[in-house]
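To start, the structure itself, in structure tokens.
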Amino acid sequence: VVTISLPDVAFSSGGDMKRFWEIFDQRLELCHKALRCRHDRLIGRTSDMAPILWQDGAFARLAPGEKIDDLLLNGYSTLSLGYGGLYECVKYMIGKSHTDPEGEKFGLEVMQKMNDKCSEWKAEENIDYSLYGTPMESTTYKFAKCLKKRFGDDIFVKLDGKDRDYITNSYHVPVFEKITPFDKIAQESKFQRL
């Protein structure tokens, strides 16, 4: 997984929607480049590099010395584009949470853009790409620390009145938002399909 920080894209745009989509495209291509580096590094490798994975059945049952190349194409394996901080991204760009109808619309556009990019790369390269809500418990802190360093210690206070040392995982509704568990599940399910 290579994970894009959606709040960083938003904060970097200064709230300008045109600039947001430009930066978003640039960052998505940077993620794509990083994913391809990982993929290209595996081309030509043999099953001997990780016998449990490639010979003993964890991923495949190849013969010793057999190249893994065919298993990197045609849908056998996947490169994952991860993301985090949809809430912060939407809140900064729209001024509302993605639980609000206006915020939801923009949040779904962001999700669709990432999903479309994965489909585009897959069609061009015959390598499976998927969109992945990165389970990034430690990264939520690292991303927030970097955001505060770049955009000011009060970036989250300005955003939603709360000083915190984390961003929200993937498309999740933030823990401090007043919402019932059932409404939370219903809201997040709209993003899960993408």
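In this text, all values refer to a predicted model and were calculated from it rather than measured experimentally.
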**Prompt:** Asn115 side chain to Leu194 main-chain N or O, any donor-acceptor pair under 3.5 Å?
**Reply:** yes
**Connected via hydrophobic side-chain network under 4.5 Å: Ile155 and Ile94** = yes
**Beyond-backbone contact of Phe106 with Leu108, side-chain heavy atoms, under 4.5 angstrom** = no
**Fill in**
Taking every heavy atom of Glu102 against every heavy atom of Asp100, the minimum-distance pair comes out as N-OD2, 2.9 Å
**Item:** In one Ile/Leu/Val/Met/Phe/Trp/Tyr side-chain cluster, 4.5 Å: Leu159, Val173
**Value:** no
**Asked** In terms of side-chain heavy atoms, does Thr78 have a donor or acceptor partner in Ser130 at a distance below 3.5 Å?
**Response** no
**Request:** List the steps and the verdict of side chain to side chain contact (heavy atoms under 4.5 Å, CB included) for Gln187 and Asp183.
**Result:** CA-CA 6 Å; Gln187 183 63 31; Asp183 289 341; over 6 Å; no
**Prompt:** Cut-off 3.5 Å, side chains only: do Gln192 and Tyr171 have a donor facing an acceptor?
**Reply:** yes
**Message:** When you compare the side chain of Leu72 with that of His39, does any pair of heavy atoms fall below 4.5 Å?
**Reply:** yes
**Message:** Are Phe191 and His98 packed together at the side-chain level, in the sense that at least one heavy-atom pair is separated by less than 4.5 angstrom?
**Reply:** yes
**Message:** Please report the interatomic distance CH2(Trp54) to CZ(Arg61), rounded to the nearest 0.5 Å.
**Reply:** 14.0 Å
**Asked** Are Leu30 and Leu35 linked, directly or through other ILVMFWY residues, by side chains that come within less than 4.5 angstrom of each other?
**Response** no
**Donor-acceptor pair, side chain of Arg38 and main chain of Val1, under 3.5 angstrom** = yes
**Message:** Less than 4.0 angstrom from a charged side-chain N to a carboxylate O is my criterion; do Glu109 and Lys105 meet it?
**Reply:** yes
**Message:** Please tell me whether Tyr141 and Glu137 have a donor and an acceptor in their side chains that are separated by less than 3.5 angstrom.
**Reply:** no
**Request:** Report the C-alpha separation of Glu104 and Lys96 in whole Å, then their side-chain angles, then the decisive distance to 0.1 Å, and conclude whether the salt bridge (Lys or Arg N to Asp or Glu O under 4.0 Å) test is met.
**Result:** CA-CA 9 Å; Glu104 177 185 306; Lys96 299 176 181 175; over 6 Å; no
**Asked** Is any side-chain N of the basic residue among Glu120 and Lys117 closer than 4.0 Å to the acidic one's carboxylate O?
**Response** yes
**Non-hydrogen side-chain atoms of Met93 and Met17 separated by less than 4.5 Å** = yes
**Request:** Could you check Asp165 against Phe156 for side chain to side chain contact (heavy atoms under 4.5 Å, CB included), going step by step and ending with a plain yes or no?
**Result:** CA-CA 9 Å; Asp165 291 322; Phe156 296 116; over 6 Å; no
**Item:** Validation row: Val175, Tyr166 side chains within 4.5 angstrom (heavy atoms)
**Value:** yes
**Message:** Using a 6.0 Å cut-off, check whether atom CG of Asp69 has over 12 heavy atoms from anything other than its own residue.
**Reply:** yes
**Item:** Residue of the set Lys184, Lys190, Glu177 for which side-chain contact (heavy atoms from CB on, under 4.5 Å) holds with Thr99
**Value:** Glu177
**Request:** Would you indicate whether the side-chain heavy atoms of Tyr87 and Ser97 approach each other to under 4.5 Å?
**Result:** yes
**Request:** Check whether any side-chain heavy atom of Glu66 sits under 4.5 Å from a side-chain heavy atom of Thr46, and report yes or no.
**Result:** no
**Asked** Shortest non-hydrogen contact from Leu71 to Ala60?
**Response** CD1-CB, 3.4 Å
**Asked** What are the two closest non-hydrogen atoms of Asp163 and Asp153, and how far apart are they?
**Response** OD1-O, 4.0 Å
**Test side-chain contact (heavy atoms from CB on, under 4.5 Å) applied to Leu81 and Leu28, Val2, Thr134, Thr3, the passing residue** = Leu28
**Prompt:** Charged N to carboxylate O below 4.0 Å: is that the case for Glu29 and Lys33?
**Reply:** no
**Test: Lys148 and Asp154 ion pair at under 4.0 Å** = no
**Asked** Is the gap between the ring centers of Phe20 and Phe11 under 6.0 Å?
**Response** no
**Asked** Between Asp48 (side chain) and Gly65 (backbone), is there a donor-acceptor pair under 3.5 Å?
**Response** yes
**Asked** Hey, what do you get for CD1 (Ile52) to CD (Gln55), rounding to the nearest 0.5 Å?
**Response** 10.0 Å
**Distance-only polar pair, side chains of Ser5 and Asp8, donor-acceptor under 3.5 Å** = no
**Message:** Determine whether a donor-acceptor pair (N or O, by modelled atom type, separation under 3.5 Å) exists between the side chain of Ser80 and the backbone of Gly82.
**Reply:** no
**Message:** Nearest 0.5 angstrom please: Tyr83 OH to Asn169 CG, how far?
**Reply:** 9.5 Å
**Item:** Test item: Pro174 and Lys91 side chains (from C-beta on) under 4.5 Å apart, heavy atoms
**Value:** no
**Message:** Looking at every heavy atom in both Ile4 and Val9, which two are closest together, and how far apart are they?
**Reply:** CD1-CG2, 4.1 Å
**Item:** Under 3.5 Å donor-acceptor, Arg193 side chain and Ser189 backbone
**Value:** no
**Asked** Under a 4.0 Å N-O cut-off, is there an ion pair linking Asp128 with Lys122?
**Response** yes
**Heavy-atom closest contact (Phe151 atom, Ser12 atom, distance)** = CZ-OG, 3.6 Å
**Prompt:** Under 30°, 30 to 60°, or over 60°: which ring-plane class applies to Trp121 and His32, parallel, tilted or perpendicular?
**Reply:** parallel
**Request:** Classify the side-chain pair Thr168/Glu88 by whether it contains a donor and acceptor separated by less than 3.5 Å.
**Result:** yes
**Asked** Atom CD1 in Ile23, atom OG in Ser13: separation rounded to 0.5 Å?
**Response** 5.5 Å
**Message:** Does Lys162 form a side chain to side chain contact (heavy atoms under 4.5 Å, CB included) with Val157? I'd like the steps, not just the answer.
**Reply:** CA-CA 5 Å; Lys162 309 221 180 310; Val157 174; over 6 Å; no
**Request:** Considering non-hydrogen atoms only, spot the tightest contact between Lys67 and Gly44 and give its length.
**Result:** CE-O, 4.0 Å
**Request:** Look at the side-chain heavy atoms of Ile, Leu, Val, Met, Phe, Trp and Tyr, link any pair under 4.5 Å apart, and say whether Phe176 and Ile167 land in one connected group.
**Result:** no
**Prompt:** Does the side chain to side chain contact (heavy atoms under 4.5 Å, CB included) test come out yes or no for Leu6 and Phe24, once each step is laid out?
**Reply:** CA-CA 8 Å; Leu6 297 175; Phe24 196 26; 3.6 Å; yes
**Message:** Starting from Leu62, can I reach Leu42 by hopping between I/L/V/M/F/W/Y residues whose side chains sit under 4.5 Å apart?
**Reply:** yes
**Message:** Is it true that, when you exclude Phe182 itself, more than 12 heavy atoms of the residues, nucleotides or ligands shown sit nearer than 6.0 Å to its CZ?
**Reply:** no
